[in-house]
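Step one of this worksheet: look at the structure below.
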Amino acid sequence: MSPKESKKFWLMKTEPDVFSFEDLVNAPNRTTHWEGVRNYQARNFMRDSFKKGDQVLIYHSNVDEPAVFGVATVVREGYPDHFALDPKSKYFDSDAKKKGESPWIMVDVQATHRFKTPVTRNQLKNIAKAKTMMVLQRGARLSVQPVSEEHFNLILELGSPSKITK
DNA sequence: GCCAACGTTGGC
DNA sequence: GCCAACGTTGGC
């Protein structure tokens with residue numbers, strides 16, 4: 001991939017009932033493996049394009065007030081999501097089990113900055129420069145998506161990030 | 001809770 | 001390969 005095509009900024013959705021930004025902050029070393037992505041396009045981003053040091057906006061979906069809560073960084077690049085092979089996991093994939101290997105990919109991310117003010121979807125919808133963000137488009141279900149540097153910086157300004165030091 | 005939009009599956 | 005049926009996502 002040429003440098004021009006490489007992406008440095010991403011957005012990842014999570015349902016906070018399942019795993020919230022604070023869960024990430026409270027995880028050992030503020031780091032977790034981002035398992036359970038079961039969409040090919042999202043997987044391909046993690047497999048082919050995620051690089052160490054890339055920055056990721058963490059977005060809460062499927063809640064009353066969807067919003068970006070903070071920033072994480074990629075600390076381990078794509079590797080097989082073995083939860084697909086574990087019958088006890090909610091992310092079990094019986095086809096993968098039959099083949100004996102997982103076609104799914106996860107990455108490790110570490111929380112770096114918490115927003116003093118989460119940047120809400122409603123807020124973004126009212127900002128002209130943000131309207132083209134993928135996450136705001138109607139029917140945009142992709143759970144891992146690229147974000148332009150401009151949009152990333154805009155959201156950082158809006159969120160007043162503070163570095164997490166604990 | 002509703003339902004539009006989307007991705008996947010499978011019959012043909 | 002088409003496309004209807006189905007299951008899921010996720011905003012509202």
Side-chain angles (χ1 to χ4, degrees), chain A residues 1 5 7 9-27 32-50 54-72 74 78-109 111 113-148 150-152 154-159 161:
Chain A
M1 182 179 288
E5 288 172 300
K7 300 261 179 23
F9 305 99
W10 307 95
L11 179 145
M12 283 172 142
K13 297 180 189 171
T14 184
E15 299 193 18
D17 293 347
V18 178
F19 191 84
S20 69
F21 182 73
E22 284 307 308
D23 289 336
L24 177 59
V25 170
N26 292 322
T32 194
H33 36 71
W34 203 265
E35 78 274 18
V37 173
R38 296 290 179 269
N39 167 283
Y40 289 108
Q41 204 181 343
R43 177 203 68 180
N44 293 348
F45 281 132
M46 293 197 292
R47 184 189 61 193
D48 304 333
S49 304
F50 269 56
D54 284 3
Q55 292 185 277
V56 184
L57 300 170
I58 304 297
Y59 176 90
H60 286 186
S61 67
N62 215 3
V63 286
D64 285 348
E65 182 89 89
V68 179
F69 277 76
V71 183
V74 177
Y79 62 104
D81 179 349
H82 56 78
F83 290 90
L85 304 178
D86 177 2
K88 291 198 282 287
S89 169
K90 65 181 287 201
Y91 303 117
F92 180 61
D93 176 344
S94 57
D95 290 341
K97 185 73 175 177
K98 268 179 234 153
K99 291 191 188 117
E101 77 180 321
S102 174
W104 302 111
I105 293 289
M106 56 188 179
V107 297
D108 289 358
V109 295
H113 296 78
R114 178 195 282 112
F115 287 167
K116 290 190 187 110
T117 51
V119 180
T120 70
R121 179 181 186 86
N122 280 328
Q123 183 183 359
L124 289 171
K125 280 195 295 194
N126 290 313
I127 297 172
K129 277 190 289 184
K131 282 184 177 154
T132 53
M133 283 192 73
M134 189 182 292
V135 74
L136 295 185
Q137 306 313 306
R138 185 177 178 76
R141 291 168 33 172
L142 199 60
S143 64
V144 175
Q145 49 183 262
V147 173
S148 73
E150 291 74 19
H151 285 149
F152 183 85
L154 171 65
I155 287 176
L156 233 61
E157 279 172 38
L158 297 169

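None of these values were measured; they are calculated from a predicted model. So you know, we letter chains A, B, ... as the sequences are listed, proteins then strands, and number each from 1. Just so you know, these numbers use all the heavy atoms, side chains as well, and skip hydrogens, waters and symmetry mates.
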Separation of atom [atom1] in [X] from atom [atom2] in [N], rounded to whole Å:
X: A:Lys90; N: C:dT8; atom1: NZ; atom2: P; value: 12 Å
X: A:Tyr59; N: C:dT9; atom1: OH; atom2: C1'; value: 11 Å
X: A:Asn39; N: B:dA5; atom1: CG; atom2: P; value: 19 Å
X: A:Leu142; N: C:dT9; atom1: CG; atom2: C1'; value: 12 Å
X: A:Arg38; N: B:dT8; atom1: CZ; atom2: P; value: 13 Å
X: A:Gln137; N: C:dG11; atom1: CD; atom2: C1'; value: 14 Å
X: A:Arg43; N: B:dT8; atom1: CZ; atom2: C1'; value: 14 Å
X: A:Asp95; N: B:dT9; atom1: CG; atom2: C1'; value: 11 Å

Given [options], identify the nucleotide with an atom nearest to the side chain of [X].
X: A:Asn122; options: C:dC12, C:dG11, B:dA4; result: C:dC12
X: A:Tyr40; options: B:dT8, C:dG11, C:dT9; result: B:dT8
X: A:Gln41; options: C:dC12, C:dG10, B:dG7; result: B:dG7

Partner set under salt bridge (charged side-chain N to carboxylate O under 4.0 Å, His left out) for A:Arg114, not counting sequence neighbours: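 For A:Arg114 the salt bridge (charged side-chain N to carboxylate O under 4.0 Å, His left out) partners, ignoring immediate neighbours, are A:Glu22.
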Would you say C:dT8 has OP1 or OP2 under 4.0 Å from some side-chain N or O of A:Lys13?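 No.
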A:Arg121 vs C:dC12: side-chain N/O to OP1/OP2 distance below 4.0 Å: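 Yes.
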In Å, rounded to the nearest 0.5 Å, how long is the span from CG of A:Asn62 to CD of A:Glu15?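 Separation between the atoms: 4.0 Å.
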Taking for each residue the nucleotide of DNA chain B bearing the nearest heavy atom, is the 5' side occupied by A:Arg138 or by A:Asn62? A:Asn62
Determine whether the aromatic ring centres of residues A:Tyr79 and A:Trp104 are separated by less than 6.0 angstrom.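 No: the rings miss the under 6.0 Å criterion.
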Is the gap between the ring centers of A:Phe9 and A:Phe152 under 6.0 Å? yes
B:dA5 base to A:Arg141 side chain: any donor-acceptor pair below 3.5 Å?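 Side chain to base: pair found, below 3.5 Å.
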Listed by chain and number, what are the side chain to side chain donor-acceptor pair (under 3.5 Å) partners of A:Glu35, not counting sequence neighbours?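 Listed in chain order: A:His33.
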